Amino acid sequence: MREYIIPFDTNITPKEYTDVVIVGCGIAGLYTALMLPSDIDVTIVAKEPYKETNSYLAQGGIAAPCDKLNDTKEMFFNDTMVCGRGESDTEAVNILVNEAMDNIIQLEKLGVKFDKDDNGFLLGKEGAHSVSRIVRSGDSTGKSVMEALYHLAKSRENISIRENIFVIDILTYANKSTGILTLDDGRVKSIFSKYTIINTGGIGNLFEQTTNAKGINGDGIAMIQRANGIVRNMSYLQFHPTVFYNNSSLKQSFLISEAVRGEGALLYNERGERFMEKVHPMKELAPRDIVSLAIMQQIKKQITPCVYLDITHWNEEALKLRFPTIFGFCQRNNINMAENLVPVAPRMHYFMGGIKVDINGKTSINNLYACGECSCTGVHGKNRLASNSLLEAIVFGRRIARNIKENIYDIIDNDKDIRIVNVDSSYKIMEDEHTIAKWMGQYFGIDRTIAKVKQLENKINKAYCNAKKTNIICREEIEKVNMISVIKAIINDDLNKKITKKTNLN
């Protein structure tokens with residue numbers, strides 16, 4: 001028996017109908033919508049405006065093997081597999097690598113402007129890549145892609161984009177998605193659809209400090225859990241090594257792109273010593289998990305709670321041209337990158353686990369797809385290769401669109417008469433969101449242990465047990481229940497993997 005989070009009756013709530021409903025307005029959602037045929041009605045529902053997405057914040061670019069002289073698909077495949085710690089799905093990685101360039105070209109056709117010269121794409125270098133292969137648009141690639149896709153989607157007659165609408169749950173009947181339940185201007189409504197696509201992003205705001213946009217709380221993953229869908233690798237989190245360090249209490253932290261290290265920036269501890277030379281052959285451009293752990297080990301040995309990034313061998317004009325967004329941010333914080341070292345520390349950044357999907361984005365629930373950071377295709381394994389996130393979103397978003405196109409015309413539209421009822425009351429978590437996120441930062445960091453994770457488990461279980469039933473339906477309370485649900489899955493996965501590993505070692 002599946003769960004719903006609030007009481008409702010679809011015979012009473014206002015309802016509407018569409019062919020495909022997409023939850024989330026990031027690159028995965030917009031690109032998938034644009035890849036669907038123009039005679040299919042598409043409704044995109046998002047709880048925040050399109051600029052409040054991780055896609056919009058993405059700096060570095062999109063990885064693709066487009067330099068035929070220096071790069072090959074085999075090299076790209078191997079880099080992805082090595083970075084994933086041997087846990088990446090080979091079929092999914094092959095698809096990612098082989099379909100990368102077709103989708104980059106498709107983005108250009110849709111109006112995205114990438115940096116180019118007479119010889120083609122200007123390519124950046126990032127961590128764990130053996131060659132330069134990052135297609136970029138300045139140092140704000142996500143913004144460039146999002147602006148092009150969003151405004152194009154807004155112009156399409158078959159696509160409706162509705163922002164500031166909170167999705168409460170996925171509606172299902174007999175293990176088949178029939179649409180979504182929403183909270184729209186204080187009213188519960190339902191949208192019935194032939195297909196549903198979840199593109200709600202990762203889990204960054206489960207942590208006290210994160211590079212993620214506000215509202216990235218794992219909502220889509222929690223909805224899948226309530227619908228008895230399958231999730232996997234829930235404990236596979238990535239901390240970005242170089243996030244601007246300051247004493248601000250702001251939750252969202254500013255990312256100093258890996259591309260800065262790709263252009264030769266070096267890392268120093270508080271004593272002015274380089275430390276990555278002794279850690280990994282790729283030094284500052286080692287995989288993210290290795291660099292993040294090395295930085296945390298340095299911080300533990302010193303008084304200063306950060307290390308320093310040095311790109312002062314570049315002049316100011318060149319830095320402004322190559323990294324206008326990053327240079328401007330640092331300047332507003334009284335740091336001239338051409339003259340001063342940039343204080344950095346690791347912060348929660350990306351989620352490799354999530355909703356289990358196949359190579360066409362299908363979940364374990366019929367007629368329900370997932371794409372982007374909320375999904376787990378298996379391409380990232382245990383540690384994502386830099387700039388493979390936007391690539392995964394477009395490659396598998398297009399595959400979802402193709403799969404829907406092949407099947408949607410055969411669907412008999414009989415779900416409009418299905419009545420779905422839930423009589424249970426809503427839950428209210430007594431702890432506030434900040435407290436829960438603070439627990440995650442304290443007990444589930446880079447250097448977490450079984451003891452720390454069990455401490456977190458006790459706190460989360462207590463919070464869940466102390467939850468009270470209420471008839472009040474509001475976004476904030478639903479988000480907290482979603483947070484607890486996802487954290488419980490993260491803890492269980494982490495403990496199971498740690499205990500299994502420890503047992504095997506013995």
Side-chain angles (χ1 to χ4, degrees), residues 54 58-60 63 76 78-89 93 96 125-130 134 202-204 206-207 209-212 232-243 245 253 255-262 265 267 269 274-301 306-307 309 344-354 373 376-389 391-392 440-441 443-450 452-453 490 493-495 497-498 500-501:
N54 282 348
Q59 293 177 353
F76 188 17
N78 290 335
D79 288 347
T80 301
M81 294 298 294
V82 169
C83 198
R85 297 284 172 262
E87 294 193 30
S88 298
D89 182 275
V93 175
L96 186 81
K125 180 82 179 287
E126 293 187 6
H129 287 274
S130 54
I134 313 303
I203 60 166
L206 299 187
F207 282 76
Q209 292 178 309
T210 176
T211 62
N212 285 211
R232 66 169 175 169
N233 292 341
M234 290 293 289
S235 62
Y236 285 2
L237 317 181
Q238 184 175 81
F239 295 80
H240 198 287
T242 54
V243 178
Y245 177 83
S253 305
L255 185 72
I256 305 297
S257 172
E258 202 152 310
V260 178
R261 280 176 285 135
L267 286 166
N269 60 24
R274 281 187 69 189
F275 52 91
M276 285 307 302
E277 293 174 308
K278 300 176 181 178
V279 174
H280 193 276
M282 296 186 80
K283 304 172 186 176
E284 278 79 3
L285 288 177
R288 287 179 177 174
D289 56 344
I290 292 173
V291 181
S292 291
L293 181 59
I295 291 173
M296 287 304 299
Q297 289 171 342
Q298 290 297 316
I299 290 173
K300 284 182 177 180
K301 298 175 186 176
C306 63
V307 294
L309 194 65
V344 294
R347 295 288 182 259
M348 173 56 199
H349 180 60
Y350 193 82
F351 184 48
M352 279 81 64
E373 195 174 346
C376 186
T377 61
V379 296
H380 306 308
K382 199 172 182 179
N383 180 54
R384 176 172 67 84
L385 181 65
S387 287
N388 268 358
S389 54
L391 179 62
E392 180 193 32
M440 288 296 283
Y443 301 108
F444 212 85
I446 296 169
D447 56 349
R448 61 186 178 271
T449 62
I450 290 178
K452 282 185 176 182
V453 176
I490 290 171
D493 186 66
D494 192 69
L495 288 176
K497 283 182 165 67
K498 277 185 166 63
T500 301
K501 183 178 178 182

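Everything quoted here is computed from the prediction, not taken from an experiment.
Checked against side-chain contact (heavy atoms from CB on, under 4.5 Å), R274 has the following partners two or more places apart in sequence or in another chain: L266, Y268, E277, K283, E284. For the ring-ring contact (aromatic ring centres under 6.0 Å, His included) test, no residue two or more places apart in sequence or in another chain qualifies with Y236. Residues satisfying the ring-ring contact (aromatic ring centres under 6.0 Å, His included) criterion with H129, sequence neighbours excluded, are absent altogether. For F76, the ring-ring contact (aromatic ring centres under 6.0 Å, His included) criterion is met by no residue, not counting sequence neighbours. Shown here are the side-chain contact (heavy atoms from CB on, under 4.5 Å) partners of S257, two or more places apart in sequence or in another chain: Q59, E126, A259, I326. With sequence neighbours left out, the side chain to side chain donor-acceptor pair (under 3.5 Å) criterion links T449 to no other residue. When the side chain to side chain donor-acceptor pair (under 3.5 Å) test is applied to K300, the partners found at least two apart in sequence or on another chain are D447. Under the side chain to side chain donor-acceptor pair (under 3.5 Å) criterion, D493 pairs with S235, K497, sequence neighbours left out. Residues passing the side chain to side chain donor-acceptor pair (under 3.5 Å) test with R288, sequence neighbours excluded: Q238, E258. Looking at residues two or more places apart in sequence or on another chain, you find a side-chain contact (heavy atoms from CB on, under 4.5 Å) between M81 and F77, S88, T90, V93. With sequence neighbours excluded, the residues forming a side-chain contact (heavy atoms from CB on, under 4.5 Å) with A128 are C83, P287, L385, listed by chain and number.
A salt bridge does not link D289 with K382: none of the charged nitrogens is closer than 4.0 Å to a carboxylate oxygen.
The minimum heavy-atom distance linking V291 with A286 is given by the pair CG2-O, 3.5 Å. Scanning all heavy atoms of the two residues, the minimum distance from F444 to I490 falls at CZ-CG2, 3.4 Å. Here the shortest heavy-atom pairing between I134 and S387 reads CG2-OG, 3.5 Å. Closest non-hydrogen pair, N212 versus T210, comes out as N-OG1, 3.0 Å.
Taking the side chain as every heavy atom from C-beta outward, M348 and F239 approach each other to under 4.5 Å. Residues I290 and N383 are not in side-chain contact: their nearest non-hydrogen atoms beyond the backbone lie 4.5 Å or more apart. The closest side-chain heavy-atom distance from Y350 to L237 is not below 4.5 Å. At least one side-chain heavy atom of P241 sits less than 4.5 Å from a side-chain heavy atom of R261.
For the atom pair D494 CG and M234 CE, the distance stands at 11.5 Å (nearest 0.5 Å). Taking CG of L255 as the reference point, atom OG1 of T242 lies at 6.0 Å (rounded to 0.5 Å).
In this structure a side-chain-to-backbone donor-acceptor pair under 3.5 Å is missing from D89 to G378.
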